[in-house]
Amino acid sequence: MWQPNKLESERLDKLARLSQLGIEAYPRRVRRTHTIARATAEFEALENNDGAEAAEGLEVTVCGRIRRVNIKGKITFMHIEDESGRVQILLRVNELGEEFYDAIKEKLIDTDDFVQAAGTMMRTRAGEISVLTHELTLLSKSLSPLPVIKQQVMDDGTVIEYGEFSDIEQRYRQRYADLAVNRNVRDVFRKRAEIIRALRRFFDTEGFLEVETPILQAVYGGAAARPFVTHHNQLKQDLYLRISFELYLKRLLVGGYDAVYEIGRDFRNEGVSYKHNPEFTMVEFYKAYTDYRGVMDITERLIAFVAKEVLGRTQITFQGQDIELAPPWPRLTLRDAIKQHAEIDYMDYPTAEALEAVIRGNGGSVAPGLPWGKLVSHLFEQYVEPRLIQPTFIVDYPRDISPFAKKVDYDDFHVERFEFFIATMEMGNAFTELNDPRDQEQRFLEMAKLYRDEDDDATPLDEDYLRAMRYGMPPNGGWGMGVDRLVMLLTDQRSIRDVLLYPHLREEK
RNA sequence: GGCCCUGUAGCUCAAUUGGCAGAGCAGUUGACUCUUAAUCAAUUGGUUGUAGGUUCGAGUCCUACCAGGGUCACCA
C-alpha cells in the first residue's frame with residue numbers, strides 16, 4: 001500500500017488544486033507535430049537558409065517531460081525532454097494569460113510532469129533555441145518526484161549532469177527511474193539494441209536462416225548447467241527451461257537447412273555474479289560444410305563487424321584497457337596456454353588422481369574427485385583466463401568435457417573445440433560438431449558415467465536427437481556466444497546487470 | 001552456501017571516545033519579464049534496513065534476520 005511521503009503529498013495537493021481550476025491532469029487527447037530534435041533541427045536549417053526572422057515563424061507543438069523549471073517572475077523557463085532530446089520552452093504571462101500563468105507561478109506544474117507546448121521557435125537573448133509557448137497543456141502529472149539530477153546543456157549539445165541517482169539497488173529495482181534520469185543508462189540500452197541488430201544483419205547477409213526453437217523442453221541439453229523446472233498442468237508433464245539451443249538447432253541441419261542461427265534467452269539455475277544472470281541472451285549458429293577453423297574465421301569477422309557497425313571502429317576501451325578486436329586473433333591450444341602460464345603440461349598427468357596431486361602440489365586447491373577434464377578447466381581458469389585481455393581463441397579441449405565435439409586428428413584426449421576470450425571473459429564456445437550417431441551415443445553414456453545423477457552437470461541422453469542424427473547430419477561447425485557479455489564489452493559496462501534492463505534481484509519485502 | 005563491506009531526509013553524503021541526528025541539492029513561502037547547476041531571503045522534512053540485547057545513555061558496541069555489493073565455491 002502506497003504511503004505518500006511529504007513530497008508526494010504536496011503533489012497530491014496540487015492535483016486537487018488543478019482539478020479546481022478545471023485543468024485535466026491526465027487528458028485523453030494529445031498532439032505532437034515535431035519531436036524535439038526535429039523542431040530544433042528545422043529551426044536551425046531555416047536560420048541558415050532564410051535568416052533568423054523567417055526561422056522565428058516556425059510553429060511547432062512539442063511534448064515531453066519537464067526536467068527543469070526556472071520561474072522568474074512573469075517569465076518562466078522550462079526544459080522539456082522527449083526521447084530525441086531536450087529543448088527550452090519559454091512561458092510568458094503575455095502569451096498565456098494571467099489565469100493560466102498563475103497556475104505556473106503557483107508551481108502546480110512540476111519538474112517530472114509531461115506537457116505539450118505549442119508555440120513558435122525562437123532564440124533567447126542568451127542564444128538558446130527555445131519554444132515561445134502560446135499554449136501549454138498538462139499531459140500527465142507526476143506524483144512521485146524523480147531523483148534529482150541537474151543538467152547543464154552546453155553549446156555543442158552535450159549535457160553535463162550534476163548530482164546523481166547512484167544507489168545500485170534502487171537503480172535496478174526501479175529501472176524506470178534510473179532510465180528517466182540517467183541519460184547514459186538510456187544510451188547503453190539503445191546500443192544494446194544496435195548490437196543485436198548488427199548481429200542479425202551479419203548472419204542474414206551471410207546466408208544464415210533465423211529460427212526459433214522451444215524454450216520449454218522435455219529434455220534439456222547442449223550445455224552443462226542445472227535447469228529451471230516447470231510443469232505443464234494439462235499434460236501432467238515436467239518441462240525444463242532451455243539451457244542452450246544447441247540440440248534443436250542441429251536437428252535443423254538434418255532437415256536440410258545449411259546454416260541456421262537463433263538469438264534468444266537461455267536459463268541456468270546457477271549463481272549470480274557480475275557476468276552471470278539466471279536468464280541471459282544467447283546467440284548460436286550452426287553451419288554445414290565447415291569445421292571449427294571456419295567458425296573461428298566467422299567469429300573474428302562477426303565481432304569486428306558488430307564493433308564497426310555500432311562504434312565505428314574495432315579499437316575499444318574496456319574498464320581502462322585498450323582492446324583491438326580486428327582479426328586475426330591469436331589461436332593457442334589449451335595445452336600450450338596452460339603450459340605457458342601454469343607451467344604444467346597436463347599430458348604428463350593423464351589420470352585425474354595424478355593431475356589433482358600436481359595441482360595441490362603447486363598450492364592450488366580443488367574439490368576432490370573431479371574428472372580429469374574438469375581439472376584441466378580448473379587450471380585454465382586459474383592461470384590463463386585472467387590474462388586473456390586481447391581477443392584470443394583457445395583451441396582443442398579435453399574430450400570428457402566436450403560431448404558434442406569431434407576428436408582431433410593427433411590424439412585421443414582432445415576434441416576440436418574452441419572458446420574465445422576478450423577482456424578475461426569467456427565470450428563463446430564452438431565445436432566441429434559431432435555427426436556420428438554411434439559416437440554421439442557413446443559420449444552421452446560416457447557423460448552419464450562421469451557425472452553422477454545428482455551432479456548438476458548430468459547431461460540427459462536425448463534419444464530423439466540421436467534419432468535425428470541417424471538420418472544423416474552434414475558435417476558442420478557450431479558456435480554460441482553470450483550476447484550480454486558482448487554488450488558489456490562494447491558499452492564498457494562492468495557488470496552484466498548494467499546491460500540487462502531488469503537484472504534478477506531477490507524479491508523486495 | 002562461506003567470508004568481507006554497506007544500509008542515516010526524496011537524492012548525494014556527514015555525525016569525534018558510546019553523549020542534543022546535520023549539510024548540500026529538491027521541496028515549501030516570498031521577490032524577480034531572457035534564465036540556464038539561475039540568484040536572493042526565510043523555512044519544512046528522520047521508526048538511522050528490521051527485531052532483540054548491553055548501557056545512565058546506542059546511528060555508533062553485541063546477536064539474529066532482511067536487502068545490496070565484493071570475493072571464494074559453483075558455472076564441462
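A note on names: the letters A, B, ... follow the listed sequences, proteins ahead of strands, and every chain is numbered from 1. Model, not experiment: these values are computed from the prediction.
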Problem - Whole angstrom value for the distance that separates P of B:G70 from CD of A:Gln319 - result: 12 Å

Problem - C1' atoms of B:G18 and B:C32, separation to the nearest Å - result: 50 Å

Exercise for the section: Would you mind reading off the distance between A:His276 atom NE2 and B:U71 atom P, rounded to a whole angstrom? Expected result: 12 Å

Exercise for the section: Determine the Euclidean distance between corresponding C1' atoms of B:G7 and B:U60; express it in Å to zero decimal places. Expected result: 14 Å

Exercise for the section: For A:Val181, report the nucleic acid contact type (base, sugar-phosphate, nothing); a contact means any heavy atom under 4.0 Å. Expected result: nothing

Practice task
Examine A:Arg417 relative to A:Tyr397 and say whether NZ or CZ is less than 6.0 Å from the centre of the six-membered ring and inside a 45° cone about the ring axis.
Solution key: yes

Problem - Between P of B:A76 and NE2 of A:His414, the distance in whole Å - result: 18 Å

Exercise for the section: Pick base, sugar-phosphate or nothing for A:Asn429, based on heavy-atom distances below 4.0 Å to the nucleic acid. Expected result: nothing

Handout entry: Selected nucleotide, minimal atom distance to A:Lys374 side chain, candidates B:C34, B:C75, B:U12
Key = B:C75

Practice task
Toss me the dot-bracket line for RNA chain B: Watson-Crick and G-U wobble, both under 3.5 Å, 5' to 3', using | for pairs to another strand and [ ] for crossers.
Solution key: (((((((..((((.....[..)))).(((((.......))))).....(((((..]....))))))))))))....

Problem - Partner of A:Tyr465 by side-chain hydrogen bond (donor to acceptor under 3.5 Å, both in side chains), out of A:Glu441, A:Lys250, A:Arg251 - result: A:Lys250

Handout entry: Length of the line joining A:Ile71:CD1 and B:A26:C1', which is rounded to integer Å
Key = 14 Å

Practice task
Please check if the distance between the ring centroids of A:Trp479 and A:Tyr286 is under 6.0 Å.
Solution key: no

Handout entry: Nucleotide B:C75, atom C1' - distance to CZ of A:Phe380 in whole Å
Key = 14 Å

Which side-chain N or O atoms in residues 495-502 of chain A pair as donor and acceptor under 3.5 Å with protein atoms at least two apart or in another chain?
| residue | atom | partner | partner atom | Å |
| --- | --- | --- | --- | --- |
| A:Ser495 | OG | A:Arg497 | N | 3.1 |
| A:Asp498 | OD1 | A:Tyr172 | OH | 2.8 |

Fill in the blank from the handout: Considering only heavy side-chain atoms of A:Arg68, the closest of B:G70, B:A76, B:U35 is B:U35

Problem - Whole angstrom value for the distance that separates C1' of B:U35 from CD of A:Gln88 - result: 7 Å

Practice task
Check whether more than 12 heavy atoms from other residues, nucleotides or ligands sit under 6.0 Å from atom CZ of A:Arg293, and answer yes or no.
Solution key: no

Practice task
Write down the distance between OH (A:Tyr274) and P (B:A73), rounded to a whole number of angstrom.
Solution key: 12 Å

Practice task
Give a yes or no on whether the ring-centroid distance for A:Phe100 and A:His134 is below 6.0 angstrom.
Solution key: no

Exercise for the section: Report yes if the distance between the aromatic ring centroids of A:Tyr346 and A:Phe380 is under 6.0 Å, otherwise no. Expected result: no

